[in-house]
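Working notes for the structure below.
Sequential numbering from 1 along the given sequence is applied to the chain's residues.
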Amino acid sequence: MSEKPKNTEKPKNTEKAEQQRLGVFKTYKLYVGGKFPRSESGRVYEVTDSQGTWLANAPLSSRKDARDAVVAARKAFGGWSGATAYNRGQVLYRVAEMLEGRRDQFVREVADSEGLSKSKAAAVVDAAIDRWVWYAGWTDKIAQVVGGGNPVAGPYFNLSAPEPTGVVTVLAPQESSFLGLVSVIAPVIATGNTVIVIASERSPLPALSLGEVLATSDVPGGVVNILSGRTAEIATPLAAHQDVNAIDLAGADDVLAKELEVAAADNLKRVVRPQAVDYFAAPGIERLTAFLETKTVWHPTGALGASGSSY
């Protein structure tokens, strides 16, 4: 006896439910102290693609958000700078692993933000992931390159060792919303600093999504803090903040950069001036060394004995 053929048609009520399903829009938030707050001001602004099509509402950060980010970064500095270089390298590599798993999401966001084709956006995302791996490999090597023993006239050991500067504010590049962003964040934290990032004003979504990756990548809360909004509005109080030790002006125009340099001079912040950069090119170690201080230690070698040898 033959079996009765099965009815493969979907119930009409199921089809109707699928047609009526509403899309789930993503709510983008700031990333401060390992948490995802909305701006304390409650403000947002519209983010559009290169064609002017609405993509999302992004938080419009305030001065209070900037101050909160500094507090979080300072609180995290002791633990992060005191971690071993090998451990920091493992954490940065973990970020690359997590980005690899969310590659498709970032390809889509970069394509929308920068008006790129899917293939070009994929190349950008792949380069950004590789950049994390590159800096992860430098964490336990940079001290050997820029530190070491110094010849001195006298019976002393003279040793120089690099140390992180402290809390760094970074203005992310405006046009390179992801590869440029990674290229200015990774070297800062690789050397033990903590960072407050002001995302690209026009294209903040990849940066805000990066916060979600960092939160699940063993990066301690407060090591990286990401703000979105009007670059000048957020950067001005940070440049003048007495507990910020350095500032990278990569995403500032000439007029804003000059204003921020003047404000940064009040507590002698280190300043990296904006310059034209090909973010696809090998980055070198300039940004690694930009936010390092050199500590030099002298130690007596001991008195010379009758045989002429020291101990």
*Determine yes or no for a side-chain-to-main-chain donor-acceptor pair under 3.5 angstrom, with Arg103 supplying the side chain and Val125 the backbone.*
no

*Are any side-chain N or O atoms of Tyr135 and backbone N or O atoms of Ile189, one a donor and one an acceptor, separated by less than 3.5 Å?*
no

Enumerate, atom names and distances included, each donor-acceptor pair closer than 3.5 Å involving a side-chain atom of residues 25-32, sequence neighbours excluded.
unit_1: Lys26; atom_1: NZ; unit_2: Ser209; atom_2: OG; d: 3.1
unit_1: Lys26; atom_1: NZ; unit_2: Glu212; atom_2: OE1; d: 3.2
unit_1: Lys26; atom_1: NZ; unit_2: Glu212; atom_2: OE2; d: 3.2
unit_1: Tyr28; atom_1: OH; unit_2: Glu109; atom_2: OE2; d: 2.7

_Under 3.5 Å: donor-acceptor pair, side chain of Thr301, backbone of Pro155_ = yes

*According to a 4.5 Å side-chain heavy-atom criterion applied to Ile, Leu, Val, Met, Phe, Trp and Tyr, with indirect links allowed, do Tyr93 and Val182 form part of one hydrophobic cluster?*
no

*State, with a plain yes or no, whether a side-chain heavy atom of Asn245 is found less than 4.5 Å away from one of Arg74.*
yes

*Test side-chain contact (heavy atoms from CB on, under 4.5 Å) on Ile185 and Leu210 and set out the steps.*
CA-CA 11 Å; Ile185 293 177; Leu210 178 63; 4.0 Å; yes

*asked:* What I want to find out is whether Arg108 reaches Asp104 closely enough, with some N-O distance under 4.0 Å, to be called a salt bridge.
replied: no

*4.5 Å side-chain heavy-atom contact, Val167 and His241*: no

_Less than 4.5 Å apart, side chain to side chain, heavy atoms only: is that true for Val47 and Pro204?_
yes

*With hydrophobic residues grouped by side-chain heavy-atom distances under 4.5 Å, do Ile198 and Val272 end up in a single group?*
no

*Apply side-chain contact (heavy atoms from CB on, under 4.5 Å) to Ile129 and Phe106, showing your working.*
CA-CA 11 Å; Ile129 295 172; Phe106 282 95; over 6 Å; no

_Treating Glu261 as the side-chain partner and Val271 as the backbone partner, does any N or O pair qualify as donor plus acceptor under 3.5 Å?_
no

_Under 4.0 Å between a side-chain nitrogen and a carboxylate oxygen: does that hold for Arg270 and Glu293?_
yes

_Gln242 CD: over 12 foreign heavy atoms closer than 6.0 Å_ = yes

*Taking atom CH2 of Trp132 and atom CE of Met98, what is their separation to the nearest 0.5 Å?*
13.0 Å

_Grouping I, L, V, M, F, W and Y whenever their side-chain heavy atoms are under 4.5 Å apart, do Leu238 and Val195 come out in a common cluster?_
no

*Which heavy atom of Gly192 sits nearest a heavy atom of Phe77, and at what distance?*
O-CE1, 3.5 Å

*Which atom pair, heavy atoms only, marks the closest approach of Ala281 to Arg131?*
O-NH2, 3.4 Å

*Judged by atom type as modelled, is there a donor-acceptor pair below 3.5 Å linking the side chain of Ser217 to the main-chain atoms of Val219?*
no

*asked:* Measuring from atom OG of Ser113 to atom CG of Asp49, what distance do you get when rounded to the nearest 0.5 angstrom?
replied: 8.5 Å

*Checking Thr194 side chain against Val223 main chain: does a donor-acceptor pair fall under 3.5 Å?*
no

*Is Ile226 linked to Val44 within one hydrophobic cluster, defined over Ile, Leu, Val, Met, Phe, Trp and Tyr using a side-chain heavy-atom separation of less than 4.5 Å?*
no

*Give the C-alpha distance, both sets of side-chain angles, the deciding distance and a yes or no for side-chain contact (heavy atoms from CB on, under 4.5 Å) between Thr231 and Leu171.*
CA-CA 8 Å; Thr231 299; Leu171 279 63; 3.8 Å; yes

*CZ of Arg102: more than 12 outside heavy atoms within 6.0 angstrom?*
yes

_Minimum heavy-atom distance Ser39-Ser62, with the two atoms named_ = OG-N, 3.9 Å

*Donor-acceptor contact below 3.5 Å, side chain Asp243 vs main chain Val71*: no

*Any idea which heavy atoms bring Asn225 and Ala73 closest together, and the distance?*
ND2-CB, 3.7 Å

*Val170 and Leu214: same hydrophobic cluster, using ILVMFWY side-chain contacts below 4.5 Å?*
yes

_CA sep, side-chain torsions, deciding dist, call: Val70, Val244, side-chain contact (heavy atoms from CB on, under 4.5 Å)_ = CA-CA 7 Å; Val70 174; Val244 174; 3.8 Å; yes

*asked:* Distance check, rounded to the nearest 0.5 Å: Thr169 atom OG1 versus Ile196 atom CD1?
replied: 4.0 Å

*Would you indicate whether the side-chain heavy atoms of Ile234 and Asp65 approach each other to under 4.5 Å?*
no

*Working to the nearest 0.5 Å, report the span between CZ of Arg38 and CG of Asn57.*
11.0 Å

*asked:* For the residue pair Ser160 / Thr296, report whether a side-chain donor-acceptor contact shorter than 3.5 Å exists.
replied: yes

*Taking all heavy atoms of Ala250 and all of Tyr279, pick out the closest pair and write down the distance.*
CB-OH, 4.3 Å

*asked:* Determine whether a donor-acceptor pair (N or O, by modelled atom type, separation under 3.5 Å) exists between the side chain of Asp266 and the backbone of Ala240.
replied: no

*Is any NZ, NE, NH1 or NH2 atom of the basic residue among Glu40 and Lys64 found under 4.0 Å from an Asp or Glu carboxylate oxygen of the other?*
no

*So, Arg94 and Glu97, do they make that salt bridge, N to O below 4.0 Å?*
yes

*asked:* Using a 6.0 Å cut-off, check whether atom CZ of Phe280 has over 12 heavy atoms from anything other than its own residue.
replied: yes

*asked:* Around atom NZ of Lys141, are there more than 12 heavy atoms from other residues, nucleotides or ligands closer than 6.0 Å?
replied: yes

_Can a donor-acceptor pair be found, under 3.5 Å and without considering hydrogens, that links the side chain of Glu114 to the backbone of Ser176?_
no

*Quick one: CG on Leu227 to CG on Leu208, what's the gap to the nearest 0.5 Å?*
9.5 Å

*With rounding to the nearest 0.5 Å, note down the distance linking CD in Glu100 to CG in Asp130.*
8.0 Å

*Asp254 atom CG: more than 12 heavy-atom contacts under 6.0 Å*: no

*asked:* A side-chain contact here means heavy atoms from C-beta on lying under 4.5 Å apart; do Asp248 and Val188 qualify?
replied: no

*Neighbour count >12 (heavy atoms, 6.0 Å) for atom CZ, Phe36*: yes

*Looking at Pro300 and Phe157, what are the two nearest heavy atoms and their distance?*
O-CD1, 4.3 Å

_Lys75 side chain vs Gly221 backbone, donor-acceptor pair below 3.5 Å_ = no

